[in-house]
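Below is one structure, written out as structure tokens, with a few remarks after it.
Atom set for the values below is all heavy atoms of this structure, side chains included, hydrogens, waters and symmetry mates excluded.
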Amino acid sequence: MNRFTRLAVTALLSAAALPVAAETWRLSSMVSPDSIEGQAYEILAEKTAEYSNGDLTIRIFPNSQIGEMDAVVEQLSAGVIQLAPSAMTFLARWEDNIRYASAPFLFDDYDHWAEFIRGDMVQGWLGKVTDASGISVLGDAPAFPRGSFRTLLSVDPITSAEDIAELRIRQFNSQLVIDVWENQGAEVVVLSWGEVYDAINRNIVNAVTSPLELIESTRFYEVAPNIVRTDEYPQAIAFMMNQEAFDDLSPENQDALLRAHADASAFAWETVFSGADETVERIKALEGVTYSDSFDTSAILATTSEFYAAREAAGELPEGLMDAVEAARESAK
């Protein structure tokens, strides 16, 4: 072995002995770190580092620091960031039918909705999203609930379905959700989540829908103190992910990330559903706040049922949607 060969071998061995730099994924979060979602994201980060022995770390950017979700999913598709947990309906730009994952007043309960999300129809939609955008969903989306149930917060009291016609209600950019609420008589204003508090304070809108568990951290009750339970639709956090980044991970780090997601989901599930009653009691105790879990939604359900039936008759629903909803209902029993 000549001198140059010995030097080359020594250099290779020295390089092999150096520690491999950890890979860092960026996670864009809409919520504050102290919310249940925010705490669960921290668990995801901690467990990912633990299970990967430090090879994979996750840096969290809370409170929409990276941007609002419409911009974030573009960055996710481009690989600028790797994770963006939120409602999967933000993927509708690549597959419009995915909006029906948050179809208002269509599902009986969480189990019914979860069976629909796990079914072939929704999974097929998600596959089309991945093909078009490079974005997939990490793990089992229904395992990570966004809230125990949805509520409606308003400036003025809501005592019946007729009062909805008096609302200028904030919604996210989903034409289906907009259409359902306009069908109820409300005026819908599309705003980002971070704009809601100020928009209510300035009388741009006078109502907003929210998971129960986000009422306290957003402090929406300060400007919209009249709260009713609506059970509008079940909701979970889809960990939207850059698929190429996941494919580039080692099998060990892929497994670490999936295990960490399962742990974060378990925390969210336990915290959300075991703590719902305590959350309600804290909200009821807030000064100036009124809360009702006996709001009669029967008129809303009847009107919305007619809405879906009319769309189905006109061929305006995804083919087979109502059959898939019914199959999920049977599977959930």
**Q.** Donor-acceptor pair between Glu195 and Trp193 side chains, under 3.5 angstrom
**A.** no
Q: Ignoring hydrogens and angles, state whether a donor on the side chain of Ser32 or Asn63 is under 3.5 Å from an acceptor on the partner side chain.
A: no
Q. Aromatic ring centroids of Phe239 and Phe144 under 6.0 Å?
A. yes
(Q) Between Asn226 and Thr290, does the side-chain hydrogen bond (donor to acceptor under 3.5 Å, both in side chains) criterion hold? Intermediate values first, please. (A) CA-CA 5 Å; Asn226 298 285; Thr290 62; 2.9 Å; yes
**Q.** side-chain hydrogen bond (donor to acceptor under 3.5 Å, both in side chains) between Glu252 and Tyr51, worked out
**A.** CA-CA 9 Å; Glu252 293 79 12; Tyr51 294 149; over 6 Å; no
Q. For Glu213 and Thr279, what are the C-alpha separation, side-chain angles and deciding distance, and is it a side-chain hydrogen bond (donor to acceptor under 3.5 Å, both in side chains)?
A. CA-CA 7 Å; Glu213 284 70 21; Thr279 301; 4.8 Å; no
Q. Side chains of Leu126 and Trp94: closer than 4.5 Å at any heavy-atom pair?
A. no
Q. Stepwise, does the side chain to side chain contact (heavy atoms under 4.5 Å, CB included) test hold for Glu37 with Val272?
A. CA-CA 9 Å; Glu37 286 180 37; Val272 165; over 6 Å; no
Q.
Under a 4.0 Å threshold between the charged nitrogen and the carboxylate oxygen, would Asp263 count as salt-bridged to Arg259?
A. no
Q.
Below 30° counts as parallel, above 60° as perpendicular, anything between as tilted: where do the rings of Phe172 and Phe90 land?
A. tilted
Q) Should the pair Arg93-Glu74 be classified as a salt bridge under the 4.0 Å nitrogen-to-oxygen rule? A) yes
Q: Verify the distance criterion only: is there a donor paired with an acceptor across the side chains of Glu95 and Asn97 at less than 3.5 Å?
A: yes
Q. Does NZ or CZ of Arg229 come closer than 6.0 Å to the centre of the six-membered ring of Phe149, within 45° of the ring's axis?
A. yes
Q: Check whether the side chains of Gln235 and Arg150 place a donor and an acceptor atom closer than 3.5 Å, and report yes or no.
A: yes
Q) Hey, would you say the Phe116 and Trp113 ring centroids sit under 6.0 Å apart? A) no
Q. Side chains of Ser210 and Thr151: donor-acceptor distance under 3.5 Å anywhere?
A. no
Q. Can we say Arg329 and Asp108 salt-bridge, meaning some charged N sits less than 4.0 Å from an Asp/Glu carboxylate O?
A. yes
Q: Could you check whether the rings of Trp125 and Tyr100 sit parallel, tilted or perpendicular, using 30° and 60° as the cut-offs?
A: tilted
**Q.** Qualifying residue, where the test is side-chain hydrogen bond (donor to acceptor under 3.5 Å, both in side chains) with Tyr197 and the options are Glu222, Arg219, Arg202
**A.** Glu222
Q. What about the rings of Tyr110 and Phe273, do their centers lie closer together than 6.0 Å?
A. yes
Q | Gap between atom CD of Glu115 and atom NZ of Lys333 - 0.5 Å precision | A | 13.0 Å
